[in-house]
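Ligands are counted one by one from 1 in listed order, and the atoms in each one are counted from 1 as well. The structure displayed is predicted, hence computed values, not measured ones.
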Amino acid sequence: MDLTEMEENFQKVPKRIGRLAELANNLWWSWDEEGRQVFRSLDYELWRASGHNPVKQLRDINPDKLDAASKDPAFLELYDSVMLKFDNYMSRQKNWCGKKAPNDFEGQIAYFSAEYAIHNSLPIYAGGLGVLAGDICKQSSDIGLPLVAVGFMYPQGYFRQHVSAEGWQEEVYSQLDFSEAPISPCAWPQGCGPLISVPLGDRQIFLQVWQVRVGRVNLYLLDTNISDNRPEDRGLSARLYTADQEERLRQLIVLGIGGVRTLRELHIKPVVWHANEDHTAFMMLERLREERAKGTPLKEAMEKVRKTSVFTTHTPVSAGQHIFPYQLMDRYSRNFWEPIEIDRESFLKLGDYDGLGPEKFSLTAFALRLAGQANAVSKLHGSVARKMWSVLYPGKPIEEIPILSITNGVHSPSWRAAEISELFEKQIENATSPSEYEEQFWKYATDIPDEQFWAVHQLMKNRLIRAIQDRAQLRLVRDGISTQQVLAMGALLDPYALTIAFTRRFTQYKRPYLILADSERLKKIVTDPLRPVQIIFGGKSHPADYASKQLLKIVYSVALDKRFQGRIVFVEDYDMNLARDLVRGVDVWLNTPRRLQEACGTSGMKASMNGVINLSVRDGWWDEAYNGLNGWAIDGSKGGDPEEEDKADAEALYSLLENNIVPLFYDRDRKGIPHRWIQVAKEAIKTINPVFNACRMMKEYVERMYIPAVLSETSNGHSLIEKENF
Ligand SMILES: *Cc1c(COP(=O)(O)O)cnc(C)c1O
C-alpha cells in the first residue's frame with residue numbers, strides 16, 4: 001500500500017485536510033505536541049477511545065466530523081501549521097543536538113533490534129530494551145542521522161496483563177488488527193514486493209516486510225505469517241519472546257539473516273551494522289556469507305565484518321545471554337558454516353569460551369568476536385562487562401578489554417511533559433535561547449517560580465490518578481472484578497499524598513519486595529493520617545518466569561490487604577502509555593535493583609526530566625547521575641550475601657523515607673508549596689536533562705562507534721567523515 005492507495009483508503013477525508021492520513025501514518029506526530037493536538041481536536045472521544053491511535057481514529061471517524069473539521073477555521077489553522085512543520089521536519093537540514101550538523105555518512109547505519117517501543121498502537125515491545133530502540137529511531141530522525149531499523153512484526157505482540165483476584169498474572173494475547181496499526185506494506189524499489197527467504201534447517205522460510213515511518217527513519221518489520229510458509233512456520237513471528245528455546249533460535253536466525261536480505265532487496269547499503277543485544281547477532285553471519293560468496297578470503301571477510309559491526313550488550317549477568325546447546329545448533333547451523341566454507345567445529349568455537357560448559361554456543365560471545373566495536377550501557381555496566389568478558393581476551397588487562405561504556409539516554413520530546421518544557425521556554429523567551437541539549441537551558445530552572453512549578457506537577461499528578469482510576473473502572477464495568485480488586489488497583493489514590501512509583505518488568509533482581517520487607521514499619525509510613533504515603537506498583541512478569549509471577553502475587557496481596565488502607569496499589573498492564581503518565585505524575589521514582597545487576601535503567605531518567613525525584617540503589621545510570629542533591633541514593637549494602645544485602649538496603653530505604661523524604665515533602669509554606677522539595681526536583685531537572693537524553697547518547701555512538709567503524713573501512717586514508725565536525 002503506497003501513499004496513494006492509503007489515501008484511497010481514507011477517501012472520506014475531504015481534500016482540504018487530505019494529508020491527515022499521511023500524518024497519521026508517520027509516528028512523528030506522537031512526539032510533537034501540536035501533531036498530537038491535530039488528532040485530539042479532530043474528535044476527542046475517538047482519540048481517547050482509540051488509545052491515542054490516529055490510524056484507527058481515521059478509520060472509524062464519522063465522515064460528518066471530518067467534513068465539519070475541513071470547514072472549521074480554527075482546525076484548519078492548526079492543520080496547516082502542523083503540515084508545514086511536518087514538511088520542514090522531513091526535509092530539514094541535519095540538526096546536531098542544537099549545534100553543528102555532522103557531515104553525511106556515505107550510506108546508512110543499519111540498526112537491528114528484536115523489539116521496538118515507539119507507540120502503544122504498535123505493541124512490539126516488552127520493556128526497556130524496546131524503549132531504547134524506539135528512542136534511538138526517534139532521536140536519529142530528529143538529528144538527521146541516516147539510520148534504518150530492522151525488527152519483527154509480532155501480530156500478537158507482547159501480552160496484555162490482567163491480575164486475577166488471587167494475584168496471578170493472566171496473559172491476554174490478541175491479534176493486532178493491521179488496519180488500525182501505523183504500518184504499511186514495504187514500498188520496494190522494484191514495485192511489487194519480493195519474498196525474502198531464509199534457510200531454516202531443511203527448508204526455506206519466507207518473509208513479507210512491513211514499513212513503519214518514524215519521522216525520517218524507516219523501520220522494517222519482518223513477518224512470517226504468509227501462505228507460502230507451512231502452518232508451523234507462519235506463527236514464528238507471532239509473539240515476542242517465546243519460551244521455547246528452539247522457536248527462539250529460529251526467530252533469531254530469521255531476524256538476523258532475513259534482516260540483512262531485506263535491506264539488500266531495498267538497495268540499502270549500510271556502512272555500519274549495529275546489533276542491539278545478542279538477539280540480532282546472526283546478521284553478522286549473513287554478512288560473512290555475502291563476503292565469502294564474493295570470493296573474499298575467510299580472514300579478510302571476517303575482518304571486514306568485524307570492522308563495520310557494532311554490538312551493544314545489555315546484560316551484566318551470564319544468565320541474561322542466549323546460550324544454545326550444540327544439539328540444537330546442529331539442526332540449523334549447517335546452513336551457516338557450509339557457505340562460509342569453514343567446518344562445524346570452527347564455527348561452533350566462535351560461541352565458546354572457558355567456563356561456558358561443554359557443547360554450548362553463546363550468542364553474546366559470538367557477537368563480541370564478530371563485532372569490532374562493542375559497548376555496555378552505563379559506566380558501571382562497562383566495568384562489569386569488561387570483567388565478565390575478559391575471558392574472551394586472554395592476556396589483556398581488564399581496562400583494555402574493548403567494551404566501551406555508552407550510557408543510555410531517553411528521547412526527551414517523547415518523555416518530558418510539554419507543560420514542563422513550556423515552563424522553561426517561557427522563562428528564557430528573550431534570552432539568546434540555547435538548545436535544550438545544553439546545560440545553560442536548564443540553568444533557568446532556579447528562576448521558575450515554585451508556585452508555577454508545583455501547579456504543573458499537581459496537574460500531572462491528577463492526570464495520572466485519573467488514568468489509573470479509569471483503568472480500574474473499565475475493569476469493573478467490563479469484567480466485573482471485585483470491589484477489593486478495584487481498591488487494589490488504585491481507586492482510593494489521593495492527589496495530595498506523597499506518591500511513590502515502583503513500576504517496571506517484574507524480575508527477581510529488581511527486588512519489588514524490598515520496600516515491603518517490614519510490614520509494620522511500612523504500615524506506619526503509609527497510613528500516617530497527617531503525612532500519608534502511597535505506593536504504586538506495576539509491571540509484567542515474563543510468561544515463563546514462575547518465580548517472578550510469585551513475586552507479583554506477593555505484591556498484589558499487599559495491595560489487597562486492608563491494613564494498608566488502599567494506599568498500596570498494583571496497576572495492571574504497565575505499558576508505554578501508563579509509563580508516560582507515571583514518570584510525570586508521581587513524586588518519587590523508586591528503584592531497588594540488586595547492585596551490579598541493572599545494566600542501566602532508563603525509567604528514572606524519564607522521571608527526573610519531569611521533576612520527579614529518584615530514590616534508587618546506586619546502580620546502572622544512577623551511580624553516575626546522583627550528585628548528592630538531585631535525589632536519594634540507597635546506600636545500605638556493603639556487599640555480602642543476598643539476604644544481608646536485602647536487609648541492609650531495606651533499612652536504608654525505610655530510614656531515608658522516615659527521616660528525609662516524608663518530612664521534606666510535607667514541609668510546606670502557607671500556600672502549601674514545598675519549597676525545599678522543589679529545590680531537589682529542579683536540581684534533578686537541571687542535572688539530568690542535559691546528560692541523560694538520547695541526543696547525547698547518539699552523539700557518543702556516532703563519535704565513538706560509527707565513525708571509527710567507517711574510518712577503519714576507508715583504506716586510502718580519505719575519511720568519509722571529518723572527526724572535527726562533531
Ligand atoms: C522506560 C520503560 C521501561 C524501562 O524501565 P527500567 O525500569 O528503567 O528498566 C520499561 N517499560 C516501559 C513501558 C518503559 O516506558
- Query: Side-chain donor-acceptor pair under 3.5 Å between Trp28 and Ser141, yes or no?
  - Reply: no
- Message: With a cutoff of 4.0 Å, is Met605 in contact with ligand 1, counting heavy atoms of the residue only?
- Response: no
- Glu598 N/O under 3.5 Å from ligand 1 N/O: no
- Task: Report, in ascending order of atom number, the atoms of ligand 1 lying under 4.0 Å from any heavy atom of Lys510.
- Result: 7 (O), 9 (O)
- Query: Going by distance only, is there an N or O of Arg504 that falls short of 3.5 Å from an N or O of ligand 1?
  - Reply: yes
- Message: Counting only heavy atoms not in Glu171 (residues, nucleotides, ligands), do more than 12 fall under 6.0 Å from its CD?
- Response: yes
- Item | More than 12 heavy atoms from other groups under 6.0 Å of NZ on Lys647 | no
- Do any N/O atoms on Asp575 end up under 3.5 angstrom from N/O atoms on ligand 1? no
- Verdict with supporting geometry, Trp621 and Phe692, ring-ring contact (aromatic ring centres under 6.0 Å, His included): CA-CA 9 Å; Trp621 80 286; Phe692 297 93; 5.2 Å; yes
- Message: Return the closest protein heavy atom for atom 10 (C) of ligand 1 as residue, atom name and distance.
- Response: Gly128 N, 3.5 Å
- Test Glu572 against every option in Met489, Gln169, Arg471 by the side-chain contact (heavy atoms from CB on, under 4.5 Å) rule and name the one that passes. Met489
- Of the side chain and backbone of Trp622, name the one, both, or neither that has a heavy atom under 4.0 Å from an atom of ligand 1. neither
- Message: Do Lys686 and Trp442 form a cation-pi contact, if we require the NZ or CZ to be under 6.0 Å from the six-membered ring centre and within 45 degrees of the ring's axis?
- Response: no
- Message: Tell me the nearest of Lys540, Lys606, Arg505, Met576 to atom 14 (C) of ligand 1, using heavy-atom distances.
- Response: Lys606
- Message: Could you check whether Arg36 makes a cation-pi contact with Phe39, meaning its NZ or CZ is under 6.0 Å from the centre of the six-membered ring and within 45° of the ring axis?
- Response: no
- Query: Any idea which part of Ala579 is under 4.0 Å from ligand 1, heavy-atom wise: side chain, backbone, both or neither?
  - Reply: side chain
- Task: Please write down residue, atom name and distance for the protein heavy atom closest to atom 6 (P) of ligand 1.
- Result: Ser603 OG, 3.4 Å
- Determine, for Tyr574 and Arg504, whether the Lys NZ or Arg CZ falls below 6.0 Å from the six-membered ring centre while staying within 45 degrees of the axis. no
- Note on the structure: Any heavy atom of Thr602 under 4.0 Å from ligand 1? The part involved is both
